*Asks:* 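Right, I'll just put the structure down here and ask away after.
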Amino acid sequence: MKVLGILGSPRREGNTEILLDEALRGASDHGGLCEKIILRDLKITPCLEIYKCAEDGVCAIQDEMQGLFPKIIQAERLILASPIFFYSVPALAKAMIDRCQSLWAKKYILKLPVSPIAERRGVFISVAATRGKKLFDGVRLTVQYFFDAIDVAYSDELFVRGADEKGEVRDQPEALKAAYDLGQRLVTDKED
Ligand SMILES: Cc1cc2nc3c(=O)[nH]c(=O)nc-3n(C[C@H](O)[C@H](O)[C@H](O)COP(=O)(O)O)c2cc1C
């Protein structure tokens, strides 16, 4: 089962990547064929609202997002991992999400299938420094809507509070275990 993990944090080996790696390890240990995408290594232009995608479902901007589209389309399972920046996702993750407007257009304007794979599922991992009750409310909506656009069922989430310094999430072993278990469930559980 193909599992695509997308790192939405600009910080390498930070809290988000640690959690993502645990989730990918959980998936891989249970049969997942995992690939990790580091968004900060890709040049992804923000959506420019050209709207050629409304005619053919294909994004007109020729940059490294073109290499990511097929991976998103072919993934059977998806893990998006992102820290909270100002109650949202970092700009590089948002650029990737916005570029998937082309897949939204394919699905909702052109009424074409986004992916040849049926019953795709995805999970969202997020981490933030503070502990507010509504900390993840905004990003949950963003990612749920993103997953819907790319035809991936939003099946699970892991939100970790109180991790700020690089690698500080390692002080929360229960969060690391939760990430591992999330990855395991992603490749073993049937959809509800
Ligand atoms: C630009 C920026 C904005 C941030 N905004 C928030 C925020 O709104 N709420 C919060 O709790 N933490 C915020 N943080 C803290 C990060 O979410 C936190 O440090 C997280 O652990 C970073 O994950 P990383 O190590 O994967 O980069 C912000 C950090 C940065 C750099």
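No experiment lies behind these values; they were computed from the predicted model shown. Indexing begins at 1, ligand by ligand and atom by atom, following the structure's order.
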*Asks:* How long is the span from the SG atom in C53 to the CG atom in L110, to the nearest 0.5 Å?
*Replies:*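 C53 SG to L110 CG: 8.5 Å, rounded to 0.5 Å.
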*Asks:* Contact residues of ligand 1 with a heavy-atom cut-off of under 4.0 Å?
*Replies:* S9, R11, G14, N15, T16, P83, I84, F85, F86, Y87, V127, A128, A129, T130, L135, A163, D164
*Asks:* Which class fits the ring pair F147 and Y154: parallel under 30°, tilted 30 to 60°, perpendicular over 60°?
*Replies:*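 If you compare the ring of F147 with that of Y154, the planes turn out tilted.
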*Asks:* Identify whether the distance between the nearest side-chain nitrogen and carboxylate oxygen of E17 and R12 falls below 4.0 Å.
*Replies:*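 The answer is yes: the pair qualifies as a salt bridge.
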*Asks:* Is it true that atom CD of E174 has more than 12 heavy atoms of other residues, nucleotides or ligands lying nearer than 6.0 Å?
*Replies:* yes
*Asks:* A quick test of your reading: do over 12 heavy atoms of other residues, nucleotides or ligands sit less than 6.0 Å from CD of E13?
*Replies:*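 Counting neighbours around CD of E13, 12 or fewer heavy atoms of other residues, nucleotides or ligands fall under 6.0 Å, so no.
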*Asks:* I need the K107 NZ to D151 CG distance, nearest 0.5 Å.
*Replies:*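 Interatomic distance, K107 NZ to D151 CG, rounded to 0.5 Å: 4.0 Å.
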